Amino acid sequence: MRSKGVAVVGAAETTKLGLIPELSAIGLHADAALNALADAGLRPSDIDGLATAGEYPPALAAYLGLAPKWIDGTTVGGCSFMLHVHHAAAAIEAGYCSTVLITHGESGRSGIGRASHAASTSSLAAEFEYPYGVAGATSNLTIPALRYMKSRGATEEDLARVVVVQREWAAMNPRASLKTPITVDEVLNAEIIAWPFRKPMCCLRTDGGGALILTAATRAKDFPRKPVHILGSGEAVESPMVSMMRDFTTFRGFRTAAADAFAQARIGHAEVDHLMIYDAFAHLPLYGLEDAGFCKPGEAKDFIRERNTAPGGKLPMNTNGGGLCYMHSGMYGMYALQESVRQMRGIAPAQVPDARISVCIGVGGMFAAAGVVIFTNEARQ
Amino acid sequence: MPRTLPKPTPETRHFWEGCKLGELRLQRCRSCGEAYFPPRPFCPECAGRDVEVFTASGKATLYSYVINHRPRADIGTEPHSIAVVTLAEGPRMMTNIINCPQTPQALQLDMPLQVVFGNESAEISLPYFEPTVQP
C-alpha cells in the first residue's frame, strides 16, 4: 500500500465515441482532456503534470495551454496509460508535480491526423517478421493463441465464448458499438480474419479518446467527484517481436506487472470485485486471468464458460463490453481504465453492486508491454 | 507488387549472406553455450561478447501460427500461414510454412519441418519452412 496515496479525481471519455470525423487525433485528446477538467472542476492552469501516448507531449501541452513541469511520453502500445498512472502516482508522491493529466485520443476509424505506427524499416521486427506478411495486430498478436489452446486444452468455442459474454455486457452500455447478442455458433460461422480468429474475436476500429486527472489522496476530498484511490500498480516489458516471446502459453509482462501491483496493494485475489483485461483479441482475457493469478493455468476457459465473468458472476470482467464490443481506437487501455473508474465511482451503465476493488490489466504491442492498476473507492490510511 | 524484403545491417549481414548460400546461420555464445536468434554481436543470455556463427541443421518443429485471410498486397491474394517455428538448436523464428495446403488440417502443431530458401532478390533469400518428407 502506498504511504500517502494518489487518487483519480477527474475521468472522462470523448463526448462522442465510434465515428468522429470532425476531430483529428489531437482534437480527440483535447476533447477528452476538457471533459476530464470539467469533471474535476479544474482549469488548465491547475495541471502541472502531463502524460500521453501517441502525441508528442510538448505539442499536446501547447495545444491545451498547459505548462507542465513533469511529463511522461511513454508509448508502448495500448497499455501506455496504465504505465502513465503507475509513473504519475510515483511522481506525485515524490513531489515532482501535484496534478497530472493523462490523455488519449485516436482517430482509429477515420484516420484523421493519425500518428503513424509504422515500424522502422531497420528494426529487427522489420527484418525478421515483416517479410512473412504480418499485417497489423490481427495476424501478429494472434500467433501465440494456437499454442496456448493446445497446451491448455482450449478450443475455438472457448474463444467464441469470450465474445458472447462480453456482448452481454455491451448490451447494457448505451455507448457500446456492438450491442446485439451473439451466440457461440454465430461467432464460429463468422468471417475468418486470421484463423483461428474470426471477425467478432477481433477488436473494433473506432474513433475516441479519454483522460484521467490524478492528485494526492490528501487533496482528493476537495474535488466534486468521489475519489478513486490507486491501491497498487505495476509494469513490465518482454519483446516487441511476438516470435521472441519466451513462452506462448503465458505472458511474462502480465505476470510481473500483476504480481507487483497485488504486492503493493496488499490484497488477495478474492477481494477483487471487478476486473478489466485488455481484449484486443479474444485470447487475451484467457492469458490475463491465468497470468494475473485469478485462475490456474488451463482454468480460464472453464472460469468463463461457468459464467464467473458474466453479468451476475462472481468476477465481472470487461463490463463495458471491452475492445471487442465497446470501442477500440488502437490504444484501448484508456477505456479499460475509464470503466474501472466508473465502477469505483458507482456510475457505470452496467454497475457491479457494491464493488470496492477493481483491477485493470493492459497489454501493449505484440505481447511487448504490460501495465496493471488496482483501484479502490475506499480511503486508505 | 514485390514482397517487402529485409534490409541487412552490419550486425545481421552474416545471416542474410548465409541464406543466399543456402545456410541457416545462427550464433552461439562460446562462454555459456547459448544458441540465439535474431543476430547480435553478444549473447542475450550472459552478455558475453565471445560469440560465433554456425550453420544450423535447418530442422524445426511448428510452434504456433495463424492463417491470414487478409494477406498484405505484397504477399498475395490467397490465405497463407504466418508461423513461429522452434529450431532444433533451440531458438525460434517467424516464417511461412510452404509447399503444403494452408489449412488447419495440414498444419499441425509440433509437426517436423525443414528449411527451404526462397530466392527473392539478388541480395535476399528468405528462409521458409516446409513439412519434412517422411522417408
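Computed from a prediction, not measured in an experiment: that's the story for all the values here. When reading the values below, keep in mind they use all heavy atoms of this one structure, side chains included, and skip hydrogens, waters and symmetry mates. Lettering of chains follows the sequences in order, A, B, ..., and the numbering in each one begins at 1.
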Would you say B:Tyr63 and A:Leu146 make side-chain contact, with heavy atoms under 4.5 Å? no
Does A:Arg147 reach the side chain of B:Leu109, with side-chain heavy atoms less than 4.5 Å apart? yes
Taking the side chain from B:Thr4 and the backbone from A:Pro131, do they hold a donor-acceptor pair closer than 3.5 Å? no
Mind listing the closest non-hydrogen atom pair of A:Met245 and B:Arg92 along with its distance? O-NH1, 3.6 Å
Quick one: what part of A:Arg246 sits under 4.5 Å from any heavy atom of chain B, side chain, backbone, both or neither? both
Between A:Ile143, A:Asn140, A:Thr142, which has the largest tally of heavy atom pairs under 4.5 Å with chain B? A:Ile143
Working for side chain to side chain contact (heavy atoms under 4.5 Å, CB included), residues A:Glu129 and B:Ile82: CA-CA 9 Å; A:Glu129 292 192 332; B:Ile82 305 174; over 6 Å; no
Note, B:Phe37 side chain near A:Met244 side chain (heavy atom, < 4.5 Å): yes
Please confirm whether the backbone N or O of A:Ser139 pairs with a side-chain atom of B:Asn68, one donor and one acceptor, at under 3.5 Å? no
Flag if over 12 foreign heavy atoms under 6.0 Å of NZ, A:Lys296: no
How about B:Ser64 and A:Lys150: do any of their side-chain heavy atoms sit closer than 4.5 Å? no
Options B:Leu5, B:Ile75, B:Leu126, B:Asp110, ranked by heavy-atom pairs under 4.5 Å with chain A, top entry: B:Asp110
Answer with side chain, backbone, both or neither: which region of B:Ile124 has an atom nearer than 4.5 Å to a non-hydrogen atom of chain A? neither
All heavy atoms of A:Glu127 vs all of B:Pro8, minimum pair found to be OE2-CA, 3.6 Å
With under 30° as parallel and over 60° as perpendicular, where do the rings of B:Trp16 and A:Phe128 fit, or are they tilted in between? parallel
Is the backbone N or O of A:Tyr130 less than 3.5 Å from a side-chain atom of B:Arg72, with the two atoms forming a donor-acceptor pair by type? yes
Separation between CZ of B:Arg70 and OG1 of A:Thr138, rounded to the nearest 0.5 Å: 7.5 Å
For A:Tyr132 and B:Pro127, which heavy atoms make the closest approach, and how far apart are they? OH-O, 2.7 Å
Separation between NZ of B:Lys7 and OG of A:Ser123, rounded to the nearest 0.5 Å: 10.5 Å
Side-chain heavy-atom pair A:Lys199, B:His69 within 4.5 angstrom cut-off: no
Would a 4.5 Å heavy-atom cut-off, applied to side chains only, mark A:Leu124 and B:Arg40 as touching? no
Determine yes or no for a side-chain-to-main-chain donor-acceptor pair under 3.5 angstrom, with B:Arg3 supplying the side chain and A:Gly133 the backbone. no
Is there a side-chain contact between B:Val84 and A:Phe248 (heavy atoms, below 4.5 Å)? yes
